[in-house]
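To start, the structure itself, in structure tokens.
Reminder, nothing fancy here: chain letters follow the sequence lines and each chain counts from 1.
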Amino acid sequence: MIYLPYNIIVLIKQILDIDQMKTNPSTGEPITEGVPMRIENLSKNAIEAAVRIKEKSGGKVTGIIFGGEQSSSAMKEAYAIGVDDGIVIKGYKGKNPSVTAKVLSDKIKTLPYDMVILGNQSADTYTGLLPGKLSSLLNVPLLGNAVSIEPGEKEVKVTRVLEDHNVILKGNFPVIISVSQEINEPRLPAVLQIIKAGKREIKMETASIQDSSSIKVLSDKAPKSERKKEVYEEPEKAIPVLTRVIKEAML
Amino acid sequence: MAAGIVSPTLVFIPELELIILYVTSFSAAIFVLYWWYRSYSRLGISITAILDYIRKNWKAMISQALSYGAFHKKTVRNTYAGVMHLLIFYGMLILFISTSLIALSHDILKPLFHFGILTGTFYLNFEVWANTGGLMLMAGLCMALYRRLAKKIKLESVFDDYILISGLLILSIEGFFLGALKIALFRNGFDIYRYIEWYLSYIFPAGMNVNTAIQVYRELWLVHILTAFALAIYLPFSKFSHIVLSWTNVTIKKFHPRGELSTPFLLSEALETGNIDFTVGAKEVANLSTPMKIDSLACTNCGRCERACPAVLSGSDLDPRLVVQNVKAVVYNGKVEMVPGILSENAAWACTTCQACVEECPVLIDPHSFVIEARRNLVMENKISKEMGQYFNNLTNTQNPYGNSPSDRDALLKFGPKYDSSKEVLYWAGCMGAFDPRGKKIAETVMGLLTKAGVNFGILGSEEKCNGETARRMGEEGRFQELVMQNIDTFKRYNVKKIITACPHCYNTFKNEYPKFGFQAEIVHHSEFLAKLVDDGKLKVKKTNETVTLHDPCYLGRVNGEYDNTRFIVNSFGNLKEMEKSRQNSMCCGAGGGNYWYKVKSQDSISHLRMQQALDTKATKLAVACPFCNAMMDDASRSMDAQNKIEIKDVAELISENLEN
């Protein structure tokens with residue numbers, strides 16, 4: 001069986017823009033109110049990887065977001081990058097990767113696919129559990145931490161990056177590939193492209209399972225950092241101080 | 001004057017040759033006229049459109065044809081080239097009129113009405129003028145030849161240039177010899193009015209054989225006529241075409257504020273109607289607007305833009321002359337891609353939009369608009385670098401280039417009150433004023449001065465958002481217009497009537513670009529506002545002996561024609577020592593058009609070149625009026641180890657330092 005052109009599913013996560021999040025200086029708790037949402041960076045890498053495969057070898061990219069009503073804006077952006085079809089599953093409550101994996105795998109099972117591409121973790125919780133859980137639920141092999149994807153006619157070659165060396169893996173379709181940020185530089189769609197993409201239909205669905213969370217957040221307070229905050233405006237004054245501090249730290 | 005003075009025109013020329021002359025000159029004229037029409041009809045402009053345009057704009061056309069064409073308004077800005085061009089232009093014009101008068105007198109009036117006009121005093125005047133015209137032409141051509149062969153300037157010289165210069169030189173030499181030979185044959189006393197040919201005529205021996213001389217005259221005449229027609233036929237295929245195409249361009253040019261870029265679409269309209277099927281930017285030459293194509297046809301390859309362009313001076317890939325020349329070469333074909341066919345990706349990003357090229361062009365071409373169209377397409381094709389992507393992302397997410405939290409802008413409220421409807425004027429600190437440490441200090445200083453002078457002002461704090469200037473110049477029109485809509489909302493909510501900006505770029509965009517989107521207010525840069533406060537005595541400045549040089553920000557100076565307020569401020573306390581490149585010839589600091597936010601490959605850095613020019617003045621202070629210029633010059637002085645030699649200060653800081661308490 002020849003798999004060209006490919007059916008690719010890309011899993012997209014929408015998170016709070018943590019770069020804009022502040023903590024309450026007295027309680028140390030994060031202030032989430034008014035913080036805008038964005039596509040998680042590794043999801044952008046995943047979308048870019050999927051779209052590049054499609055551009056090179058043809059095929060179709062289906063994006064799935066497990067999120068909420070507001071996730072359609074993220075899907076519009078994904079469309080602008082090159083995703084063909086979008087499904088938003090509402091009902092994401094966060095925090096529990098098992099629920100996320102179940103909801104997503106149930107949806108994936110109803111779709112044709114050769115590759116499922118996703119980021120290997122996300123910047124809000126950093127559990128990194130989703131790719132493995134999906135692999136187990138779908139009974140499909142996981143080629144994780146990919147920095148390059150080279151799909152062939154029957155199998156796909158993936159370069160996985162480890163700390164001091166790379167491993168090249170091959171897998172038969174279908175496969176799950178989780179990507180690391182080194183895989184590519186995601187393109188930035190122009191505003192006009194996002195608006196154009198926004199005219200296309202997004203399938204809105206509701207998750208079958210409601211989150212019966214077995215995970216509790218015990219604390220999400222920012223660690224206290226006692227910073228001295230000395231500001232030097234003249235390099236001549238700053239350099240001796242800096243060299244002294246660095247020397248002290250090295251001792 | 002004696003009645004016997006008449007011109008012995010065409011006396012030796014047999015009928016057959018005259019018939020050849022009439023036929024060829026008539027067909028050459030038809031050919032050139034047809035080519036002129038075709039030059040524009042091939043761009044898809046119909047004859048009715050041309051006539052309609054003339055009917056509506058004939059007054060402006062006449063005035064532009066005279067000022068930019070006949071009177072060389074911009075050409076003379078470069079003295080040597082200007083004088084050279086004036087000599088050639090007026091030399092040829094006088095000779096053209098002389099020849100036409102001969103044709104009128106000899107070929108029309110004499111055969112039909114049996115009288116000539118080239119008689120008596122008029123004839124003598126005519127000959128003085130004709131000789132002077134020839135002399136001017138030859139002088140101009142010699143200057144041109146010298147400029148190409150011996151003068152050390154950056155100027156592309158190709159075979160075509162030498163054909164034209166030598167062709168015209170030969171033509172004028174032939175003309176002079178024909179006249180001289182005729183004088184030698186007849187030698188009337190009044191021929192001395194042909195003052196060059198008179199003296200030249202003595203090279204022919206007094207006792208020469210008359211028949212041989214006549215034979216020589218006839219042959220030389222034929223050669224002269226053929227040279228002239230060869231040049232006429234050559235016109236459309238050579239640089240000569242600029243006589244027609246450049247003059248046409250300056251005549252029909254529509255002026256708009258220099259600081260306003262074209263608006264390819266209205267985002268608000270597109271969102272309302274849902275109609276978004278338009279192309280933005282130029283992927284191919286064919287996508288360029290018709291006025292831009294007409295612009296490219298007018299380019300004469302004179303290289304003034306290239307000699308003024310900071311991107312060229314720094315050795316980057318960009319060359320505005322080549323951009324326009326490359327477009328011109330394929331303007332009718334149009335299938336050539338702008339990038340990389342016309343300019344490379346690197347070149348497209350190297351433009352600082354300083355508009356030195358626009359200022360320089362003697363025939364009113366806007367070379368930088370081609371770069372903007374190329375960028376717009378690159379953005380639509382997502383061909384942008386990581387830094388540019390980051391820049392756009394930050395604008396979308398945080399409405400400032402740094403990606404800092406928008407609420408951080410509230411920190412400025414320590415130095416100035418929040419704007420409300422009771423305030424007379426809004427001080428717009430800009431992103432540099434809010435986030436750049438140096439910019440913050442300047443904003444603080446300006447607010448201190450405004451408070452001291454009792455100005456009823458306020459600031460918007462976190463309600464201020466980037467005005468989108470740089471995004472627009474980087475080709476991301478959509479993000480620009482998103483920000484425009486958000487800011488105009490705020491302005492309308494507060495009913496803002498007057499804005500003081502910290503940054504010349506904000507100033508330009510509010511002043512020249514926001515009106516198109518429905519916002520108009522009085523916009524002043526802080527240099528203008530503070531200069532007025534000093535002038536009115538509301539801020540008293542004490543005189544020092546400091547020598548200060550001044551860097552003109554492109555978007556105050558060249559783009560908006562404001563040179564005097566910054567100079568007034570500097571002279572109010574110190575002695576201004578101008579840099580070699582100043583006012584409209586000022587050189588960009590290298591930050592404009594987005595270049596502050598990304599790196600483009602080049603040999604030198606523009607800011608270092610400019611810093612060197614400042615150091616050459618031996619001034620101890622460098623006055624700037626733009627936070628980006630400030631940052632660029634500051635960076636240059638650090639890397640050139642010039643911090644001890646020159647201090648970089650905003651004009652507001654200079655006022656503040658020299659206040660009388």
Audit row: B/Leu267, A/Ile195, side chain to side chain contact (heavy atoms under 4.5 Å, CB included) steps and yes/no: CA-CA 9 Å; B/Leu267 189 61; A/Ile195 294 171; 3.2 Å; yes
List the residues meeting salt bridge (Lys or Arg N to Asp or Glu O under 4.0 Å) with B/Lys418, not counting sequence neighbours, and say none if there are none. B/Glu463
Heaviest contributor of heavy-atom pairs below 4.5 Å to chain A, chosen from B/Gln390, B/Met388, B/Gln481, B/Lys441, is B/Lys441
Quick one: does A/Pro235's side chain get under 4.5 Å of B/Arg638's, heavy atoms only? yes
Would you name the heavy atoms of A/Ala190 and B/Met380 that are closest together and state the gap between them? CB-SD, 3.7 Å
For the residue pair A/Leu188 and B/Asn382, establish whether any side-chain heavy-atom pair is separated by less than 4.5 Å. no
Honestly, the part of A/Pro186 sitting under 4.5 Å from a heavy atom of chain B is neither
Name the region of B/Ile276, side chain, backbone, both or neither, that has any atom closer than 4.5 Å to a heavy atom of chain A. both
Is it true that B/Asp277 and A/Lys199 have a side-chain N and a carboxylate O under 4.0 angstrom from each other? no
If every non-hydrogen atom of B/Val379 is compared with every non-hydrogen atom of A/Gln193, which pair is closest and at what distance? O-OE1, 4.3 Å
Taking B/Glu482 for its side chain and A/Val191 for its backbone only, find out whether a donor-acceptor pair lies under 3.5 Å. no
Is the number of heavy atoms from other residues, nucleotides or ligands under 6.0 Å of A/Lys196 NZ greater than 12? yes
Region of B/Phe480 in contact with chain A, defined by heavy-atom distances below 4.5 Å: neither
Enter the distance from A/Ile194:CD1 to B/Arg479:CZ here, rounded to the nearest 0.5 Å. 5.5 Å
Kindly indicate whether the side chain of A/Lys22, heavy atoms from C-beta on, has any atom under 4.5 Å from the side chain of B/Ser407. yes
Counting heavy atoms not belonging to B/Glu272, are there more than 12 under 6.0 Å from its CD? no
